[in-house]
Amino acid sequence: MPATTQPRTRDLTAEDAPALATLSLRLGGSETPEQWGAFLRRPRVIALGAVEEGRIVGYAAGEVRGGFGMAGAVAWLEAFGVELERRGAGVGRMLLADLLERFAREDATHVYTLVAVHDQVLAPFFRQVGFRDEPLACLGRTL
């Protein structure tokens, strides 16, 4: 069903956690409303939603912090998704542009994100909007 209005961005709050969990699940994620709520209550998180006719159709969220030996504050894009039906309509680009502007206002000079090695959707999208491979290795281990 085609959209009748253009989405607008707004700040997300913990009250949006159930809707975000539902959308994330449809996109292949597994975060629960409780996990989203805890994430959105973290002090430095910036979370934006694309809202269309009262419904969240996309989200972009992260935070600005130091660490990992980085000089100054850097931003970490930790959550990003757009409804399948709204992809290709500029929703993701709108969300990302707004989030990057907010990161810059918090004095971040660089933004990082993690994408699964074989992701055929997010990796190409982020490369199209200027993200590049970084000289960092993602290492992990089961506890």
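One is the number of the first residue; the rest follow in order along the sequence. As the structure is a prediction and not an experimental result, all values here were calculated from the model.
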Next item on the list: Write down the atom of Leu96, the atom of Val129, and the distance for their closest heavy-atom approach.
Entry: CD2-CG2, 3.3 Å
Next item on the list: Would you check, one step at a time, whether the test side chain to side chain contact (heavy atoms under 4.5 Å, CB included) holds for Trp76 with Val64?
Entry: CA-CA 6 Å; Trp76 290 88; Val64 176; over 6 Å; no
Notebook entry, point to check: Which heavy atom of Gly58 sits nearest a heavy atom of Leu95, and at what distance?
Noted result: C-CD1, 3.5 Å
Next item on the list: Linking directly or through intermediates, with side-chain heavy atoms under 4.5 Å: list the remaining ILVMFWY members grouped with Val45, chain and number order.
Entry: Leu12, Leu20, Leu23, Leu27, Trp36, Phe39, Leu40, Val51, Ile56, Tyr59, Leu84
Item checked: Residues in salt bridge (charged side-chain N to carboxylate O under 4.0 Å, His left out) contact with Glu63, at least two apart in sequence or another chain -> Arg42, Arg65
Next item on the list: Looking only at non-hydrogen atoms, find the nearest pair between Pro7 and Ala50 and report the distance.
Entry: CB-CB, 4.3 Å
Next item on the list: Hey, could you give me each pair passing salt bridge (Lys or Arg N to Asp or Glu O under 4.0 Å) that has a residue in residues 6-18? Not counting sequence neighbours.
Entry: Arg10-Asp16, Asp11-Arg102
Item checked: Val111 and Phe131, any side-chain heavy atoms less than 4.5 Å apart -> yes
Next item on the list: Provide the full list of salt bridge (Lys or Arg N to Asp or Glu O under 4.0 Å) pairs with a residue in residues 113-132, sequence neighbours left out, each pair given once.
Entry: Arg127-Asp133
Next item on the list: Using ring pair (Phe, Tyr, Trp, His ring centres under 6.0 Å) as the criterion, list what pairs up with Phe80, not counting sequence neighbours.
Entry: Phe125, Phe126
Notebook entry, point to check: Looking only at atom types and distance, does a side-chain atom of Gln120 sit under 3.5 Å from a main-chain N or O of His118, one as donor and one as acceptor?
Noted result: yes
Check: What pairs meet the side chain to side chain donor-acceptor pair (under 3.5 Å) rule with one or both residues in residues 134-143, with sequence neighbours excluded?
Finding: His110-Glu134
Checklist line | For Arg26, salt bridge (charged side-chain N to carboxylate O under 4.0 Å, His left out) partners two or more places apart | finding: Glu83
Margin query: For a 4.5 angstrom cut-off between non-hydrogen side-chain atoms, does Arg87 reach Val121?
Written below: yes
Note to self: Which residues pass the side-chain contact (heavy atoms from CB on, under 4.5 Å) test with Ala89, not counting sequence neighbours?
What the structure shows: Arg86
Next item on the list: With sequence neighbours excluded, tell me which residues meet side-chain hydrogen bond (donor to acceptor under 3.5 Å, both in side chains) with Thr32.
Entry: Glu34, Gln35
Next item on the list: Go through the structure and list residues passing salt bridge (charged side-chain N to carboxylate O under 4.0 Å, His left out) with Glu101, not counting sequence neighbours.
Entry: Arg105
Notebook entry, point to check: Any donor-acceptor pair under 3.5 Å linking the side chain of Thr113 with the backbone of Leu77?
Noted result: yes
Notebook entry, point to check: To the nearest 0.5 Å, how far apart are CG in Asp98 and OG1 in Thr9?
Noted result: 4.0 Å
Note to self: Among residues at least two apart in sequence or on other chains, which ones pass side-chain hydrogen bond (donor to acceptor under 3.5 Å, both in side chains) with Arg44?
What the structure shows: none
Checklist line | Shared-cluster residues of Met94, by chain and number - hydrophobic side chains joined below 4.5 Å | finding: none
Next item on the list: Please report the closest heavy-atom contact between Gly37 and Ala17, naming both atoms and the distance.
Entry: N-CB, 3.6 Å
